[in-house]
K.L.:
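Dropping the structure in here first, questions after.
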Amino acid sequence: MNNPPLKYSQPGLYIHLPFCKTRCKYCAFCSVSETSDDVIGRFVQCLNREMVCAGKHWKHFDTVFVGGGSPSSIDHGHLKRIMCAVKKGFKIEKNSEITLEINPGDVTIESLKTWADIGFNRFSLGIQTLDSKSLRLLGRRHDRKEALQALELMRQWTKEHNQIRLEQFTYSVDLIMGIPGQNTTDWLETLHSVINYQPDHISCYQLTIEAGTPLAQQTEAGTIKKVTESLEAELYKLTHQFLTSNGYVHYEISNYAYTSQNFSRHNMKYWFHIPYLGLGPSAHSFDGHSRWWNISDIDLYCKQIENGLAVTDNIEPLDDLTRENESIFLQLRTIWGLKRDINGDGNELWEMLIKSGHLISRRGRMRPTLKGMMVADRIAAMLMEI
Ligand code: SF4
């Protein structure tokens with residue numbers, strides 16, 4: 001892998017749909033549950049108005065990612081209206097990657113067919129774990145049986161449709177490791193079962209216990225215990241060993257793809273400073289010079305739009321140093337690493353990191369090893385200080 005596969009990249013479009021049927025215990029995302037269809041309808045109208053405004057400055061995209069929230073749980077009519085507005089307001093390049101985040105409980109043959117007809121060609125399935133105890137602890141809406149059914153439907157459906165249609169459908173599975181009470185056996189069982197369904201892409205995130213969530217309260221009260229750092233490291237290494245020995249490419253700290261065709265083109269934009277537009281509450285945008293993000297309050301977001309006002313919460317211009325630091329932080333998380341001539345200032349630290357086996361220098365790029373990926377945040381913090 002020499003350079004990141006970014007040739008001819010257009011900007012990416014992210015759309016945040018902040019609605020879920022129930023609230024998971026670890027969730028710190030901008031989302032609400034127990035809402036009515038009228039509220040969602042009002043929100044969709046506002047979102048489409050934000051899109052029309054954005055269309056004055058943004059024209060082309062080659063990736064679209066509809067996330068949340070649980071976008072798969074909202075009425076198909078709403079999703080259709082959103083995607084019609086996307087196609088009307090922007091030029092979506094041929095062969096774009098168009099992803100929908102889905103929850104296992106929403107997957108049926110009919111819904112897969114409808115989502116495909118609406119225009120989605122990549123599905124990101126939030127399995128998180130197959131261990132029933134962990135699913136209950138996380139407060140997920142699905143159980144193991146439902147997760148396995150969703151995986152089976154996904155496998156069958158993408159396989160059959162890729163044979164009979166010209167489009168290529170792919171699917172990704174999101175997993176969480178480091179759940180309190182989880183051990184290496186549970187985790188390996190989840191990985192083992194998941195790969196039986198041949199997902200094209202797997203993301204394995206470490207659980208973060210965010211302040212203010214029910215999980216954080218349980219941790220503070222001592223009713224559950226965080227996993228230790230050494231178990232976290234063991235789970236991380238096991239994941240790498242297991243997935244790479246089963247043919248997956250470990251291309252970013254938390255991401256594995258079955259072939260290079262399955263790298264997440266949308267996420268690549270976040271890591272390599274390709275512009276992206278975020279629509280909806282809390283969504284972030286970057287235009288090559290500045291980063292900005294929308295307000296997170298859903299009702300306020302709608303009111304602002306209905307009154308013809310902006311929904312930007314804050315804007316942060318990026319100077320050269322901030323951009324350079326961000327490149328270190330983001331690109332050293334990927335197998336392509338960072339373009340770097342180590343004859344410049346601060347080369348001693350870079351050389352030390354090569355000697356210690358955290359980085360390797362190849363073809364003008366500094367790339368993290370597995371050892372480096374495991375402590376990427378700490379390495380980035382050290383390098384940003386020089
Ligand atoms: S499905 Fe995702 S966004 Fe919704 S409550 Fe659970 S973690 Fe939060």
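Quick caveat: nothing in here was measured; it's all calculated off a predicted structure.
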K.L.:
For I209 and L215, work out which heavy atoms get closest and say how close.
P.N.:
CG2-C, 4.0 Å
K.L.:
What is the minimum heavy-atom distance between Q206 and G178, and which atoms define it?
P.N.:
OE1-CA, 4.2 Å
K.L.:
To the closest 0.5 Å, what do you measure between CG (L238) and CD (Q241)?
P.N.:
6.0 Å
K.L.:
May I ask you to decide if the ring planes of Y256 and H250 are parallel, tilted or perpendicular, using 30° and 60° as cut-offs?
P.N.:
parallel
K.L.:
I need the R81 CZ to C84 SG distance, nearest 0.5 Å.
P.N.:
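Spacing of CZ (R81) from SG (C84) equals 9.0 Å.
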K.L.:
Is there a chain of hydrophobic side chains (I, L, V, M, F, W, Y, each step under 4.5 Å between heavy atoms) that links V375 to M384?
P.N.:
yes
K.L.:
Which class fits the ring pair W336 and F263: parallel under 30°, tilted 30 to 60°, perpendicular over 60°?
P.N.:
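Taking F263 first and then W336, their aromatic rings stand perpendicular (interplane angle over 60°).
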K.L.:
If you compare all heavy atoms of V227 against all heavy atoms of I179, which two are closest, and at what distance to 0.1 Å?
P.N.:
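Scanning both residues, the minimum pair turns out to be CG1-O, 3.5 Å.
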K.L.:
Measure the CG-OG distance between D131 and S193 for me, rounded to the nearest 0.5 Å.
P.N.:
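Here the interatomic distance stands at 10.5 Å.
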K.L.:
Would you say the ring centroid of F169 lies under 6.0 angstrom from that of W157?
P.N.:
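Close enough - the centres of the two rings lie under 6.0 Å apart.
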K.L.:
Nearest heavy-atom pair of A147 and P104: which atoms, and what distance?
P.N.:
CA-CB, 4.1 Å
K.L.:
Locate the shortest heavy-atom distance separating A376 from I253; write the atom from each residue and the value.
P.N.:
CB-CD1, 3.4 Å
K.L.:
If you group Ile, Leu, Val, Met, Phe, Trp and Tyr by side-chain heavy-atom gaps below 4.5 Å, do L188 and L151 land in one group?
P.N.:
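Yes; tracing contacts between hydrophobic side chains, which count when under 4.5 Å, links both residues.
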K.L.:
Tell me whether the rings of Y251 and H201 are parallel (<30°), tilted (30 to 60°) or perpendicular (>60°).
P.N.:
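Plane angle over 60°, so perpendicular.
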K.L.:
Side chain to side chain donor-acceptor pair (under 3.5 Å) between T170 and D200: does it pass, once the steps are laid out?
P.N.:
CA-CA 6 Å; T170 62; D200 307 282; 4.6 Å; no
K.L.:
Under the criterion side chain to side chain contact (heavy atoms under 4.5 Å, CB included), which of R265, H266, E97 is the partner of F65?
P.N.:
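With F65 as partner, side chain to side chain contact (heavy atoms under 4.5 Å, CB included) holds for just one option, H266.
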K.L.:
Are Y276 and Y14 an aromatic pair, judged by ring center distance below 6.0 Å?
P.N.:
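Centroid distance Y14-Y276: not below 6.0 Å, so no.
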K.L.:
When rounded to the nearest 0.5 angstrom, what distance separates OG1 in T99 from CG in N121?
P.N.:
7.0 Å
K.L.:
Quick one: are the ring centres of F19 and F43 less than 6.0 Å apart?
P.N.:
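Between F19 and F43, the centre distance is under 6.0 Å.
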K.L.:
Quick one: NE2 on H273 to CG on L330, what's the gap to the nearest 0.5 Å?
P.N.:
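One finds 6.0 Å between NE2 of H273 and CG of L330.
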